[in-house]
Amino acid sequence: MDIAKLLLTTNRMPTRNAAIAFARAGVPVFPCAREQKRPLTAAGFHDASCDVDQVETWWARWPDANLGIPTGSASGIDVVDVDAKGVAGSGFPAFERAATAGLVDGELGRVRTPSGGLHVYFPAMRSRPQRCWQAAVARIDFRGTGGYVIAPPSILATDRGRVAYRLFSVSSAHAKPVDAVALREFVDPRRARPSTRSAEPATAAVLDPRRLAGWVGRLQEGERNAGLFWAACRLAEAGLPADAVASALAPAAASAGLADAEIATTIRSASRQASARPPRPSSTSHTPPPTPWSAPPSPPRRAGDTRCLP
């Protein structure tokens, strides 16, 4: 499977055809809502499949669906998500520093996101799956095992209209996995200190609804939805019904800035997913899944990159 070649081949295809091409190449895919990042199937990226018949069925039902790909061990792809949020900050300076330090020099290719950010694709470590993380201050996320990305030629509705994900470049250099732990320590050294903000709550607090709600209430833009989903899953796995999960977490999520409809949808989805799988050990800690990003400087290019788009 050559991901760079696959991205190059499918970049301008209709989304349905691209989804089938990925599936035939052994990369599992799943449908997301038209012009959105929201999965359309009950278990989201956990439903991703390489079964071409299943993929055709999905796109027959939702012909305008966006194309989701699970990251990490499920697909063999890890993605560094570089944010570009205008006045709110950009992840490009931190990414360039990481590149200078040699921490991101094995990429497969770069995808320009509708908001002007960048998805940088790397081969995943087969022997050592790496979990997702978010470095909100550095405006860089890592999408590994337990996460997903929206892939070209999907389209998002933005304040600038409908904008497509487009392949920006492929690399001719030797591809190698990115060390997600080293990258995070580099771009987010605050994590080495005791944290009081949105880092994952201590294990002892995971099943305490009040403390979980406090953690959700401190989530920042770009991590709120995934954080709420993660917290709701923990409570649902502990046996709380959906309405009790909502009572515990919805006010905190609202105070963090999420809309009521989004909160209700996220909690329902978490409860549904948690009920569909065996309970987790209460001592197990989990990393929140990934979330959206954001807007525009031109992505930096490097020697060896091949420009694919105007």
Side-chain angles (χ1 to χ4, degrees), residues 10 14-23 27-79 81 111 113-115 119 131-132 134 141-158 162 164-165 222-234 236-237 242 245 253 258-259 261-277 286-294:
T10 59
T15 308
R16 170 189 173 277
N17 295 0
I20 292 172
F22 273 96
V27 179
V29 298
F30 63 100
C32 292
R34 179 177 184 267
E35 299 180 6
Q36 299 179 38
K37 303 172 187 174
R38 178 175 56 82
L40 286 169
T41 61
F45 66 86
H46 296 288
D47 286 329
S49 176
C50 297
D51 185 321
V52 172
D53 289 340
Q54 176 62 74
V55 173
E56 288 182 334
T57 299
W58 280 333
W59 264 267
R61 179 178 180 184
W62 300 297
D64 297 321
N66 272 344
L67 170 58
I69 297 177
T71 46
S73 55
S75 64
I77 304 166
D78 285 338
V79 173
D81 183 356
V111 168
T113 67
S115 59
H119 284 175
R131 301 289 301 183
C132 300
Q134 299 167 321
D141 297 346
F142 176 76
R143 311 294 180 87
T145 296
Y148 71 93
V149 291
I150 304 298
S154 300
I155 294 173
L156 285 189
T158 74
R162 300 171 71 248
Y165 288 81
E223 59 189 13
R224 295 174 302 193
N225 204 308
L228 172 61
F229 182 83
W230 178 85
C233 280
R234 301 292 79 77
E237 288 167 356
V245 174
L258 287 175
E262 192 171 14
I263 292 169
T265 299
T266 299
I267 291 176
R268 277 199 306 271
S269 177
S271 297
R272 189 165 53 236
Q273 180 171 310
S275 65
R277 64 190 184 200
H286 312 282
T287 302
T291 46
W293 51 92
S294 2

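The figures that follow rest on heavy atoms only: side chains count, while hydrogens, waters and symmetry mates do not. We count residues from 1, following the sequence as given.
Ser271 places no side-chain N or O within 3.5 Å of a backbone atom of Arg268 that could act as its donor or acceptor partner. Within the 3.5 Å criterion, the main-chain N or O of Gly147 finds a donor-acceptor partner in the side chain of Thr71. At least one donor-acceptor pair closer than 3.5 Å links the side chain of Ser154 to the backbone N or O of Leu67. The main-chain N or O of Ser73 is found under 3.5 Å from a side-chain atom of Thr145 such that the two form a donor-acceptor pair. Under the 3.5 Å distance criterion, the side-chain polar atoms of Ser75 are matched with a main-chain donor or acceptor of Pro70.
Smallest separation of non-hydrogen atoms from Val55 and Ala19: CG1-CB, 3.8 Å. Of all non-hydrogen atoms in Arg162 and Ile155, the two that sit nearest each other are NH2-CD1, 3.5 Å. When all heavy atoms are compared, the tightest approach of Leu40 to Ala33 is CG-N, 3.5 Å. Considering every non-hydrogen atom in both Ala65 and Pro31, the closest pair reads CB-CB, 3.8 Å. The two atoms that bring Ala236 and Ala270 nearest to each other are CB-O, 4.4 Å, heavy atoms only. When all heavy atoms of Phe30 and Ile69 are compared, the pair lying nearest together is CE2-N, 3.6 Å.
With sequence neighbours left out, the side-chain contact (heavy atoms from CB on, under 4.5 Å) criterion links Ala157 to Glu35. For Asp64, the side-chain contact (heavy atoms from CB on, under 4.5 Å) test picks out Arg34, with sequence neighbours left out.
Each of Ile77, Asp78, Val149 was compared with Arg143 under the side-chain contact (heavy atoms from CB on, under 4.5 Å) criterion, and only Val149 meets it.
Considering CG of Leu228 and SG of Cys233, their distance stands at 9.5 Å, rounded to 0.5 Å. Atom CZ of Phe142 is separated from atom CZ of Arg131 by 11.0 Å, given to the nearest 0.5 angstrom.
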Check the pair Tyr165 / Leu156 against side-chain contact (heavy atoms from CB on, under 4.5 Å), numbers first and verdict last.
-> CA-CA 8 Å; Tyr165 288 81; Leu156 285 189; 3.3 Å; yes
Can you list the steps and then say if Thr15 with Trp59 is a side-chain contact (heavy atoms from CB on, under 4.5 Å)?
-> CA-CA 9 Å; Thr15 308; Trp59 264 267; 3.8 Å; yes
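The shortest side-chain heavy-atom distance between Thr113 and His119 falls under the 4.5 Å cut-off.
For residues 47-57, the set of pairs meeting the side-chain hydrogen bond (donor to acceptor under 3.5 Å, both in side chains) definition, not counting sequence neighbours, comprises Thr41-Asp47.
Ring geometry for Tyr148 against Phe45 counts as tilted: the plane angle lies between 30° and 60°, on a 0 to 90° scale.
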